[in-house]
Amino acid sequence: MGFFLTIEGCEGAGKTTAKGVVLHWLNANGHDVIETREPGGTPLAEQLRGLVLARHDETVTDTAELLMVFAARSQNLSQRVEPALAEGKVVVCDRFTDATYAYQGGGRGIDEHCIAILEQLVQGDRRPDMTLLLDIEPELGLARARGRAIEQGGILDRIERETIEFFHRVRQVYLARAERFPHQYVVIDGSQSIPEVEAHIIKALQCRLL
Ligand code: Z5A
């Protein structure tokens with residue numbers, strides 16, 4: 001019933017670009033699709049996203065960040081993801097709980113068992129059917145993401161301002177999870193050219209959804 005596809009990766013890995021390829025392919029192949037993102041996806045969850053990413057005068061504790069991410073997830077799941085899956089749709093979600101293991105677990109150092117407890121509370125047995133992981137050396141990804149931020153005249157958000165070591169830990173958790181859950185993950189080298197990345201994504205979609 002339905003198909004839950006998530007897209008993951010470090011900053012600048014090419015998730016946004018990949019999402020465009022995925023949506024185009026799914027629509028062209030006659031799938032009924034909805035798109036969402038995390039944190040976010042509903043008005044309340046988008047407000048929580050704003051709080052997670054904004055810079056604040058007070059220190060945001062790692063626990064508060066973790067709980068905000070899961071609060072947003074609860075809203076997105078109940079209002080968007082679960083109803084769409086129940087109608088047999090393909091749900092394309094830009095980041096999901098694998099990002100929590102990577103950023104709050106790997107990056108911030110929160111015990112993965114604590115994350116697993118919240119995962120069970122918020123999601124029950126719901127897990128992605130497929131995760132496209134755009135893998136990239138953090139140095140390259142951050143250079144891309146920061147280059148784009150400068151181009152757009154924007155400022156870096158609270159997480160984008162983290163150290164390079166933080167993003168190396170994030171990447172290691174993603175890669176470890178990809179090894180642990182090979183039935184879920186498809187790892188794509190995000191340092192390749194856009195047409196090469198696109199070809200790998202389409203091949204992965206054809207394997208699972210044709
Ligand atoms: N977060 C969290 O901490 N815990 C959680 O549980 C969840 C999330 C769910 C928001 O995510 C933040 O939330 C994120 C983790 C945290 N951290 N931060 N900050 P987001 O996904 O909305 O934001 P992001 O990770 O910063 O996305 P991004 O920087 O937009 O990355 P991207 O989508 O992977 O990149 P892109 O826009 O596709 O590409 C970046 C640039 O590179 C752009 O100019 C492209 O044209 C270029 N590009 C893309 N692909 C290529 C290739 N192949 N070659 C050359 N250039 C390329």
Side-chain angles (χ1 to χ4, degrees), residues 6-23 35-42 45-46 48-55 60-77 80-81 92-110 112 114-116 118-119 122-123 128 131-164 166-167 169-171 173-174 177 188-201:
T6 61
I7 306 177
E8 298 281 357
C10 287
E11 268 56 27
K15 285 181 297 87
T16 307
T17 312
K19 187 165 66 177
V21 175
V22 168
L23 293 172
E35 174 194 353
T36 185
R37 67 173 182 178
E38 294 217 346
T42 78
E46 288 292 331
L48 287 161
R49 177 189 181 89
L51 290 175
V52 169
L53 296 183
R55 289 154 65 196
V60 178
T61 67
D62 296 345
T63 305
E65 184 180 272
L66 175 72
L67 293 173
M68 284 192 277
V69 161
F70 269 111
R73 181 160 301 137
S74 178
Q75 291 302 118
N76 189 34
L77 273 171
R80 307 276 324 277
V81 177
V92 177
C93 191
D94 186 344
R95 296 195 185 280
F96 192 60
T97 308
D98 293 270
T100 313
Y101 281 102
Y103 283 81
Q104 281 65 49
R108 303 282 187 225
I110 292 178
E112 72 167 315
C114 296
I115 300 175
L118 290 172
E119 181 180 39
V122 169
Q123 299 166 218
T131 297
L132 295 176
L133 172 62
L134 279 296
D135 177 50
I136 197 164
E137 285 282 343
E139 285 82 357
L140 177 55
L142 283 172
R144 280 185 192 168
R146 286 176 178 161
R148 188 197 46 197
I150 291 163
E151 268 169 33
Q152 295 174 349
I155 42 169
L156 297 174
D157 67 42
R158 201 171 56 80
I159 297 178
E160 284 169 338
R161 297 169 71 86
E162 281 298 335
T163 61
I164 194 74
F166 176 95
F167 292 105
R169 293 196 298 275
V170 168
R171 182 184 185 213
V173 171
Y174 271 134
R177 290 182 66 77
I188 295 169
D189 177 358
S191 70
Q192 301 174 102
S193 70
I194 292 176
E196 284 172 315
V197 170
E198 187 173 333
H200 281 96
I201 292 171

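Predicted model only: the values in this text are computed from it and were never measured. Counting convention: from 1, in listed order, for ligands and their atoms alike.
Regarding atom 6 (O) of ligand 1, its nearest protein heavy-atom neighbour is Thr100 OG1, 2.6 Å. Closest to atom 38 (O) of ligand 1, if we only count protein heavy atoms, is Thr17 OG1, 2.9 Å. Here the protein heavy atom with the shortest distance to atom 53 (N) of ligand 1 is Gln192 O, 2.8 Å. From the protein, the heavy atom lying nearest to atom 28 (P) of ligand 1 is Arg148 NH2, 3.5 Å. Scanning the protein heavy atoms around atom 3 (O) of ligand 1, the nearest turns out to be Gln104 NE2, 3.0 Å.
Counting heavy atoms under 4.0 Å from ligand 1, residue Glu196 does not touch it at all. Contact annotation for Arg73 and ligand 1: only side-chain heavy atoms (C-beta onward) come within less than 4.0 Å of the ligand. If you look at Leu53 next to ligand 1, the close heavy atoms, those under 4.0 Å, all belong to the side chain. At a heavy-atom cutoff of 4.0 Å, ligand 1 is contacted by no atom of Glu65, backbone or side chain.
For Phe96, the ring-ring contact (aromatic ring centres under 6.0 Å, His included) partners at least two apart in sequence or on another chain are Phe4. With sequence neighbours excluded, no residue forms a salt bridge (Lys or Arg N to Asp or Glu O under 4.0 Å) with Glu160.
Arg73 and Thr97 are linked by a side-chain donor-acceptor pair at a separation below 3.5 angstrom, with hydrogens and angles left out of the test.
Taking every heavy atom of both residues into account, Ser191 and Leu140 meet most closely at CB-CD2, 3.8 Å.
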